[in-house]
Amino acid sequence: MQTPVTRFAPSPTGHLHIGGARTALFSWAFARGRGGGFVLRIEDTDQKRSSDDATRGILEDLRWLAIDWDRGPDAPNEQTDTGGPFYQSQRLEIYDRFIAQLVDADLAYPAFDTSEELDAMRAEAKAAKRTFRYVRAPGYDRAAAMERMQREQHVVRFRMPPEAITVHDVVLGEVTTSADELDDFVIRKADGFPTYHLAVVVDDELMGVTHVLRGQEHLNNTPRHVALQRALKRDDGTPFRTPAYAHMPLIFNPDGSKMSKRDKDKALKAVVRDLGGVAKAMEHPGRGAITADEASLEAWLGDKTAQLPTDALDGLARAFNVDLPEINVEDFRAAGYLPEVVCNYIALLGWQKGSDVERFTIAEFVERFDLDQIGKTAAKFDREKLLAFNFDTMRELGVEALAARWREWCARYDEALPAQLGERFELAAKMAQPRAKTLRQLREPIAFTLLADDAIEYDEKAVQKSLLKNDGAGLALLGELRTMLGELDDWSPEALDAACAAFAETRGVGMGQVAQPLRVAVTGAGVSPGLGETLALLGYKRAVARIDRCATLANE
RNA sequence: GGCCCCGUCGUCUAGUCAGGUCUAGGACACCAGGUUUUCAUCCUGGUAACACGGGUUCGAAUCCCGUCGGGGUCACCA
């Protein structure tokens, strides 16, 4: 087989979607596993929706996932690469050349319909229960049209040949589309930009792409692309080739709906409703993050199709302290998933080697991956399983490596934490490791130490159960424990555990009788990591301060 | 609605192309038990699926047809 060249061609209209990440991962792995090339191309032909910010975000997301490209934006040798530039908006002359080629051969033609006229035609077809198809009128006056296109705004349409087209898909097999399903589609818009269909075909040919991996939603477009490939010739006269296609199954939400950016919007609308509507939400402590006015929010809430920008969505979610569903790669990063785990998990969504092996490194994936193992069925995204994978990987990392990853994550999402923990950072990581499934959750098991000593709130049930019950037996023990702790000069977790065990031994009580009062006194709750670790994390001064405050409060 | 794709435990899937070794395997989740100073971790065990109906065959999860169900797509978005 020829050395493959694959590509990932995102449209920079937002963050990288998790489904897009899988497409990128598979394309990349396929090329890397066979010594092939991987191209990154930015499909920014929609002037209104594309943005540089989105492009930057997508590049960053790909890098985080460790997906690298050898040709494309920011590639080391971008300037000398063949096939560039890799932004479609910079390739307009190239597209125009091929469009002219088609028009000259009468394989494409200018059309002057307004959008109102097109809408009317569609409405008419719908009323007559016909499928709308745009085909060039039999009496089309080409000469007049060619003259008219010099001075009038127009689109260019491709003359779809009246024949059925069969696509040989690596995943789905042969898919045939009959001629009456296809019409004369637009290849250049009125603004002079090519449409996706034209640009993708021209670029894949010119960039030497041999295998196109993409989502199944593109399956219906493929016959158009094949028709274009058959009509076009390179400048040297050689015909375009049709690459191998592999359409991958879609990724769904657990409820079976398509996983999309709109899910976040939907989730936030539900949150605002739960809060009691916009007016109530504006009274929420986190309302400072709300930049929109009440009226526009009201309009948004009342309109099912209205969507807030992603950044506004994320801002509000933080303000209301709710978690929105993770949809974009950036969401998973912020939620504290490890990139290699995200790759491992999404690889499993629609791909399986035919064995029981589910956990693998990216290098192993590259080695094993092949197109014929891609499944046909859409997969529901299961966060529980992702969480389980992330948890396992965090454990396998070992404390030191985990702490390093946590630090990296904090630098971006929880800047104050490392400073707060100081040199106890690694101990905190060790304590939280078996109790957290994400880097973000690592904070929770050790949150008690982040509070000021006089700010901890005591859980009444725990106080009752461990301190006050049996005429305050626990409270009484607490006083002795304080003394015992004061005599210790080794405040390591091990020494503390040993001292508490010895104390219990001499008192003739179980370890639980000793541990629970102490635990409640220093953390406020009946639940915390191991007692020795819990005390060590606080240190002698803070632990004693908390014990004293607890005793005072309990006596009141 | 037209066209297209898909249908194995709750979820992701192995098995389907080359029908028997499948009383259908694994993972996540769930349930039960064990270890443990709490919570977790950890260990052991368990529940759970071939969408339905026909056909072909000695034999069907696997091949064929139909039904039902789910999804995609019908733009001067990609």
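Numbers restart at 1 for each chain; the letters A, B, ... are given by sequence-line order, proteins then strands. Note: hydrogens, waters and symmetry copies are ignored here, and every other heavy atom, side chains too, is used. Just so you know, these numbers come straight off a predicted model, no measurement behind them.
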Quote, to the nearest angstrom, the [atom1] distance that separates [N] from [M].
N: B:G10; M: B:C6; atom1: P; value: 23 Å
N: B:A24; M: B:U8; atom1: C1'; value: 8 Å
N: B:U23; M: B:G66; atom1: P; value: 30 Å

Requested in this report: Using a cut-off of 6.0 Å, state whether more than 12 heavy atoms not belonging to A:E457 lie near its atom CD.
Outcome: no
**Report entry** Atom CD of A:E400: over 12 foreign heavy atoms under 6.0 Å
**Finding:** no
If you look at every strand shown and take non-hydrogen atoms under 4.0 Å, does [X] touch a base, only sugar-phosphate, or nothing?
X: A:T45; value: sugar-phosphate
X: A:R395; value: sugar-phosphate
X: A:G526; value: base
X: A:R122; value: sugar-phosphate
X: A:L118; value: base
X: A:R224; value: nothing
X: A:S528; value: base
X: A:P445; value: nothing
X: A:H247; value: nothing
X: A:F185; value: nothing
X: A:E358; value: base
X: A:V155; value: base
X: A:D191; value: nothing
X: A:G510; value: nothing

**Report entry** Charged tip of A:R359 within 45° of A:F389 ring normal and under 6.0 Å
**Finding:**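 Relative to the ring axis of A:F389, which defines the angle, A:R359 lies inside both limits.
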Just name whichever nucleotide pairs with [N], Watson-Crick or G-U, keeping both distances under 3.5 Å, else none.
N: B:U44; result: B:A32
N: B:A78; result: none
N: B:G7; result: B:C68
N: B:G19; result: none
N: B:U38; result: none

Report summary line: Residues at least two apart in sequence or cross-chain that pass ring-ring contact (aromatic ring centres under 6.0 Å, His included) with A:F252, listed by chain then number, are none
Query raised in the report: Within the distance-only criterion (no hydrogens, no angle test), does the side chain of A:R133 pair as donor or acceptor with the backbone N or O of A:L182 below 3.5 angstrom?
Result: yes
Query raised in the report: Between A:F391 and A:F112, which is nearer to the 5' end of RNA chain B once each is assigned its nearest nucleotide?
Result: A:F391
Requested in this report: Starting from the 5' end of RNA chain B, give me the residue, A:G354 or A:G532, whose nearest nucleotide shows up first.
Outcome: A:G354
Requested in this report: Could you tell me which residues satisfy side chain to side chain contact (heavy atoms under 4.5 Å, CB included) with A:A515, sequence neighbours excluded, listed by chain and number?
Outcome: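 If we apply the side chain to side chain contact (heavy atoms under 4.5 Å, CB included) test to A:A515, skipping adjacent residues, the hits are A:R519, A:L531.
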Query raised in the report: Out of A:D203, A:T45, A:T195, which one pairs with A:Y95 under the side-chain hydrogen bond (donor to acceptor under 3.5 Å, both in side chains) rule?
Result: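 The passing option is A:D203.
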Report task. Go through RNA chain B in 5' to 3' direction and return only the first and the last nucleotide with some atom under 4.0 Å of chain A's heavy atoms. Result -> B:G2 to B:A78
**Report entry** Salt bridge A:K353-A:E364, side-chain N to carboxylate O under 4.0 Å
**Finding:** no
